[in-house]
Amino acid sequence: MLRIVLLVFVVVAIIFLAPRLFPGARAAAPGPGSTAPEFSLASQEGGSVSLKDYRGSWVVLYFYPKDQTPGCTREAHNFQVDQPKYAERHAVVLGVSVDSVDSHKKFCAKEGLNFKLLADTNGKVSKAYGSLTNLGVVKFAARHTFLIDPSGNVTKAYTSVDPVRHSEEVLAALDQLRKQ
């Protein structure tokens with residue numbers, strides 16, 4: 001039992017410390033004022049979703065590590081509960097992870113999610129947004145969010161996210177940005 005606890009501790013430490021110890025493990029994230037990197041990815045609903053499809057609307061592009069894990073489930077639930085608030089603000093929420101379309105389908109079905117989750121299985125989009133954590137054998141998206149304005153520019157980048165209160169934080173930022 002002690003060996004299992006120790007192993008879990010070591011794995012968690014590697015996941016959280018490796019990106020800090022190896023700066024090349026993650027590329028730089030696009031900052032406010034920069035053009036959001038374009039992409040086309042498959043969603044759990046089938047078909048391809050492109051950033052350009054949402055010109056004229058605000059986009060909340062959030063990256064998350066893994067379907068059906070506690071923090072990611074909490075964050076997704078909060079985005080789901082707040083969908084009417086995003087619609088009022090003419091904003092769409094798009095989730096991205098390196099999980100497969102099938103994994104996203106199961107996650108959405110199990111958790112009752114009706115916004116789009118995009119499968120970045122090769123990690124190229126996560127990398128373009130500075131959100132790919134590459135530990136050699138293991139690759140996953142870091143918990144980052146980008147607010148993209150109707151013209152396709154990044155207006156806010158969150159690289160430190162608390163999944164419990166993040167949706168509220170994003171909604172408040174949207175309100176501030178829309179007033180400007």
Side-chain angles (χ1 to χ4, degrees), residues 29-120 125-126 128-132 140-180:
S34 62
T35 301
E38 288 292 336
F39 61 82
S40 286
L41 293 171
S43 81
Q44 85 279 11
E45 297 170 346
S48 186
V49 173
S50 298
L51 181 59
K52 66 183 174 191
D53 297 340
Y54 296 99
R55 286 291 188 271
S57 297
W58 288 88
V59 175
V60 177
L61 184 65
Y62 87 98
F63 293 84
Y64 65 98
K66 185 119 181 85
D67 291 339
Q68 301 188 47
T69 56
C72 298
T73 300
R74 172 62 73 93
E75 186 174 25
H77 276 181
N78 290 341
F79 279 126
Q80 178 61 46
V81 167
D82 290 338
Q83 283 300 297
K85 295 176 185 176
Y86 286 103
E88 288 171 11
R89 290 159 176 85
H90 305 286
V92 63
V93 175
L94 301 174
V96 179
S97 80
V98 298
D99 291 321
S100 68
V101 168
D102 286 339
S103 178
H104 287 337
K105 282 181 187 176
K106 290 174 189 171
F107 186 40
C108 289
K110 181 179 178 188
E111 303 301 335
L113 306 176
N114 66 11
F115 58 90
K116 289 180 175 33
L117 296 182
L118 309 179
D120 183 23
V125 175
S126 297
Y129 280 85
S131 300
L132 183 67
F140 58 92
R143 197 178 305 281
H144 292 166
T145 300
F146 299 88
L147 275 180
I148 302 169
D149 71 15
S151 300
N153 297 310
V154 174
T155 58
K156 192 152 180 75
Y158 298 89
T159 56
S160 179
V161 172
D162 175 359
V164 174
R165 60 182 189 82
H166 188 52
S167 184
E168 291 173 17
E169 181 180 38
V170 171
L171 286 166
L174 267 171
D175 288 341
Q176 283 270 312
L177 290 165
R178 290 178 66 220
K179 288 179 187 175
Q180 298 175 356

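Numbers for residues simply follow the sequence, beginning at 1. Predicted model, so just to flag it, every value in this text is computed and none were measured.
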Quick one: closest heavy-atom pair of [X] and [Y], and the distance?
X	Y	value
Ser103	Asp67	OG-OD2, 2.7 Å
Ala42	Val101	CB-CG2, 3.6 Å
Ser131	His144	OG-ND1, 2.8 Å
Phe107	Leu117	CD2-CD1, 3.5 Å
Asp99	Pro65	OD2-O, 4.4 Å
Val161	Arg143	CG2-O, 3.4 Å

Nearest-0.5 Å distance that lies between atom [atom1] in [X] and atom [atom2] in [Y]:
X	Y	atom1	atom2	value
Leu94	Thr145	CG	OG1	11.5 Å
Leu147	Glu169	CG	CD	9.5 Å
Tyr86	Trp58	OH	CH2	13.0 Å
Cys108	Lys106	SG	NZ	13.0 Å
Lys66	Thr73	NZ	OG1	11.0 Å
Asp175	Lys85	CG	NZ	10.0 Å

Do [X] and [Y] make a side-chain contact, defined as non-hydrogen atoms from C-beta onward lying under 4.5 Å apart?
X	Y	value
Leu171	Arg89	yes
Leu118	Phe39	yes
Val96	Tyr129	no
Leu61	Val154	no
Thr155	Pro32	no
Asp149	Leu177	no
Tyr64	Glu75	yes
Ser97	His104	yes

Ring centres under 6.0 Å, that's the criterion: do His166 and Tyr158 meet it?
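Yes, the ring centres sit under 6.0 Å apart.
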Residue Gln176 excluded, over 12 heavy atoms near CD under 6.0 Å:
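No, CD of Gln176 has 12 or fewer neighbouring heavy atoms, counting only those of other groups under 6.0 Å.
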Other residues, nucleotides, ligands: >12 heavy atoms within 6.0 Å of Glu168 CD:
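Incorrect, the count does not exceed 12.
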If we ignore hydrogens and angles and just use 3.5 Å, is the side chain of [X] paired with the main-chain N or O of [Y] as donor and acceptor?
X	Y	value
Asn78	Arg165	no
Gln44	Phe115	yes
Ser50	Asp53	no
Asp120	Ser126	yes

Does a donor on one side chain and an acceptor on the other come within less than 3.5 Å for His77 and Gln80?
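There is no such pair between these side chains.
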With side chain to side chain contact (heavy atoms under 4.5 Å, CB included) as the test, would you mind laying out the steps for Val92 and Val59 before giving the verdict?
CA-CA 5 Å; Val92 63; Val59 175; 3.9 Å; yes
Any chance you could lay out the side chain to side chain contact (heavy atoms under 4.5 Å, CB included) test for Tyr54 and Val49, step after step, and finish with the verdict?
CA-CA 9 Å; Tyr54 296 99; Val49 173; 3.7 Å; yes
Would you call the rings of Phe79 and Tyr62 parallel, tilted or perpendicular if under 30° counts as parallel and over 60° as perpendicular?
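Plane angle between 30° and 60°, so tilted.
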